[in-house]
Student: 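To start, I am sharing the structure in question, which I have written as structure tokens.
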2 protein chains.
Amino acid sequence: MEPVSTDHVTALRRFNRYFTRRIGALDDHYLGQDRPLGEARLLFEIGDGASLRELRGRLGLDAGYLSRMAKTLQAQGMVRMSVHPDDNRLRRVELTPDGRTEVTEQNRRAGALAAGLLESLAPAQRTELTAALATVQRLLRLAAISVDLVDGAAPDARACLDAYAADIDARFPEGFDTSDLVRPEEVSGARGAFFVAYEEGRPVGCGALRRLRPGIGEIRHVWVHPDARRLGLARRILTALETEAAARGFVALRLDTHATLTEAQAMYRACGYREIDPYVDHVYGDFWFEKRLTP
Amino acid sequence: MEPVSTDHVTALRRFNRYFTRRIGALDDHYLGQDRPLGEARLLFEIGDGASLRELRGRLGLDAGYLSRMAKTLQAQGMVRMSVHPDDNRLRRVELTPDGRTEVTEQNRRAGALAAGLLESLAPAQRTELTAALATVQRLLRLAAISVDLVDGAAPDARACLDAYAADIDARFPEGFDTSDLVRPEEVSGARGAFFVAYEEGRPVGCGALRRLRPGIGEIRHVWVHPDARRLGLARRILTALETEAAARGFVALRLDTHATLTEAQAMYRACGYREIDPYVDHVYGDFWFEKRLTP
DNA sequence: ATATTTCTTTGACCTTAGTCAAAGGATGCC
DNA sequence: GGCATCCTTTGACTAAGGTCAAAGAAATAT
């Protein structure tokens, strides 16, 4: 990991300072008209109805505090509360028409504030701003994702593999048979490795490393959740796998990809993988790659 | 003014939402260790000493509230308070060595948080992020600046002209004589126009329009404060002047620039001005431009 | 010199935001 | 069926953040 230059740190801090001071008001504060911030946020978060439990998780509030706020909003006629149909312990909260009106109004104000801000920019500058915002957001998201080594049998690992299987089953014309997935023991402990990428606690990607033969590792099942694509996460997973492989003494890594996964092929090429002859008979392999590792 | 597309508004709001939730903590929250946010901010804002009055303005706090917070910090040995040398009504607040230590520590933590965030990005991505942050900040600053028509004799107008004169006096090899400045009455009311650009209430640029002869206006003294350069503000001032000129029925605008102001020449060319022969004898004029206005 | 304004301090008061623990009903697990 | 767990409600409490008005001292305007 390269040390972070102070210039970058300063730039980020300066931006943060400026942004929170100038724009931080945009969504939150005083858009909730005569309403305390907490209540305004709660109202907004309810959306098309939610259970108190969900809201507690999403907003990170104390149960008692939330219960009281919900009661206040109910007394004001903004929300309706009912017992959750599936579980009588849970309370379901929904917006009343009045509540919906207020949320809409809140949104309208936030939108008007944003529009007012953009108004004095020329059209080309607005486009430039939007593009730069997207870049910042993409990179901040990527920075917030951690790629962790987990046991191949861990629930998160299996959940990622299931999602991976479902994903490519839909993309491969011939479908995908889950028996082709790595077995947990192949990618655990001394035999292999499994990485899961987490964004705010949720698994959003994975990648597996297993031993193909002495000195040669194989990369399998590099997958990124649809919500986390186009961030550059696959590359990070790949880097984690390569670092792990090098640490384990592998001198080369191989992998195969399916003909339909053209982006994947491009990424592997860009990351230094070169096409080779098939190294094993594999149902879904159309392209075969290898990269020599420099320790 | 073109209407603002909802895409741009949505992008800005989404970014704002994400940013405040993920990064908003960076400078403020829980960096003030065991200290309430308000106190931490106050401590930070004191810097190399300030009067309570300044702090009140900068932080937007109630006088009573601020007074009490300052007293608390004083009791904790973080600040020292004294009567302001120039005005016995004012209180001057300074950091004690302990206070300075805490601010430094606060800074260190914020820096560490920012560095931790950047750490998982590849060096090229850090550079990309920094560039995108600069773009966002530049455009947001530009968007926050208003360009207002003011009287040519207004104090802000004169202040800008003084700054302009001092600025180019330092840049022109032959210096600059203030008698060359427009007189207030030339750029006021029906005879001409004067625009001042304001950023957060402070004048940061100006531009003047006067009548050269029937149907022909002259642009003079387009100036941008050093702190507000490279934002694209000069163009905005120019646009404001052109719009005003068109509204006043001018069919063409002329101006001259000094040989040393190469950026200005480039800007005028890019904005549709074409070089012409000198239209009047003018000491500091090396290049002469004209633009036909389309009403 | 007098009146007005400015700046700070103090007392009284309020809302918001949040914590903690006890209790009661509902569910899941064995 | 019994026990542990989960979810919500309620009461009691606290700190933070802030408002308002009165009052006194100092400066400025007239």
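In what follows, chains carry the letters A, B, and so on, assigned in the order in which the sequence lines appear, proteins first and then strands, with residues in each chain numbered from 1. These numbers were taken from a predicted model, which means no experiment stands behind them.
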Student: To the side chain of A/A63, which of C/dT6, D/dT8, C/dT27 is closest?
Tutor: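 The nucleotide sitting nearest to the side chain is D/dT8.
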Student: Find the distance A/L66:CG to C/dA17:P and express it as a whole number of Å.
Tutor: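 A/L66 atom CG is separated from C/dA17 atom P by 13 Å.
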Student: Tell me: CZ of B/R41 to C1' of D/dG17, nearest whole Å?
Tutor: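 Answer to the nearest Å: 10 Å.
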Student: Mind calculating the distance between NE2 (A/H84) and C1' (D/dC6) to the nearest angstrom?
Tutor: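 Interatomic distance, NE2 of A/H84 to C1' of D/dC6: 14 Å.
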Student: With a 4.0 Å cut-off on N to O distance, would you call B/E45 and B/R41 a salt bridge?
Tutor: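 No.
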Student: Return the nearest nucleotide to the side chain of B/R56; candidates are C/dT10, C/dA26, C/dC7.
Tutor: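 Nearest to the side chain of B/R56 among the choices is C/dC7.
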Student: The side chain of A/M81 lies closest to which of these nucleotides: C/dT6, C/dT27, D/dT9?
Tutor: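 Nearest nucleotide to the side chain: D/dT9.
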Student: Atom CG of B/L52 and atom P of D/dA25: how far apart are they, to the nearest Å?
Tutor: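 Rounded to the whole Å, the gap is 18 Å.
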Student: Side chain of A/D87 only, please: which of C/dT6, C/dT27, D/dA27 is the nearest?
Tutor: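 Within the option list, the nearest is C/dT27.
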Student: With a 4.5 Å heavy-atom cut-off, do A/S146 and A/E200 have their side chains touching?
Tutor: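 SC-SC contact between A/S146 and A/E200 ruled out.
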Student: Look at B/K71 and C/dT8 and indicate whether a side-chain polar atom (N or O) is within less than 4.0 Å of OP1 or OP2.
Tutor: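 So the side-chain polar atoms of B/K71 never come under 4.0 Å of the phosphate oxygens OP1 or OP2 of C/dT8.
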Student: When the distance from CG of A/L59 to P of C/dG18 is rounded to whole Å, what number comes out?
Tutor: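 Value for this atom pair: 10 Å.
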Student: Dump the intermediate steps for side chain to side chain contact (heavy atoms under 4.5 Å, CB included) on A/V150 and A/Y198, then the final yes or no.
Tutor: CA-CA 11 Å; A/V150 305; A/Y198 291 95; 4.0 Å; yes
Student: Once you apply a heavy-atom cut-off of 4.0 Å, does B/N88 come out as touching a base, just sugar-phosphate, or nothing?
Tutor: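 Here B/N88 touches the backbone only, sparing every base.
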Student: Figure out the CG/C1' separation between B/L61 and D/dA16, and round it to whole Å.
Tutor: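 Spelled out: CG on B/L61 to C1' on D/dA16 is 13 Å.
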Student: Between B/H8 and A/T130, do the side chains contain a donor N or O and an acceptor N or O under 3.5 Å apart?
Tutor: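 Per modelled atom types, A/T130 and B/H8 side chains form a pair under 3.5 Å.
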Student: Ignoring hydrogens and angles, answer whether the base of C/dG11 and the side-chain atoms of B/R68 contain a donor-acceptor pair closer than 3.5 Å.
Tutor: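 Between C/dG11 and B/R68, which were checked side chain against base, a qualifying N/O pair under 3.5 Å is present.
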Student: Of the listed nucleotides (C/dT8, D/dA16, C/dT6), which one gets closest to any side-chain atom of B/P36?
Tutor: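 Of the candidates, D/dA16 comes closest.
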Student: What integer distance in Å separates A/Y65:OH from D/dT8:P?
Tutor: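 It is 17 Å, rounded to the nearest whole Å.
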Student: B/D62 near the nucleic acid: base, sugar-phosphate alone, or nothing, with a heavy-atom cut-off under 4.0 Å?
Tutor: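 Since a base atom lies under 4.0 Å of B/D62, the category is base.
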Student: CG of A/L55 versus C1' of D/dT8: gap in Å, rounded?
Tutor: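 For the pair A/L55 CG and D/dT8 C1', the rounded distance is 13 Å.
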Student: Could you work out which one of D/dT8, D/dA25, C/dA26 sits closest to the side chain of A/R91?
Tutor: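 When the side chain of A/R91 is considered, D/dT8 is the closest of D/dT8, D/dA25, C/dA26.
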Student: Between D/dT8, D/dA26, C/dT8, which one does the side chain of B/L90 approach most closely?
Tutor: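 From the listed options, C/dT8 comes nearest.
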Student: Is any NZ, NE, NH1 or NH2 atom of the basic residue among B/E199 and B/R141 found under 4.0 Å from an Asp or Glu carboxylate oxygen of the other?
Tutor: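 A salt bridge is present here (some side-chain N lies under 4.0 Å from a carboxylate O).
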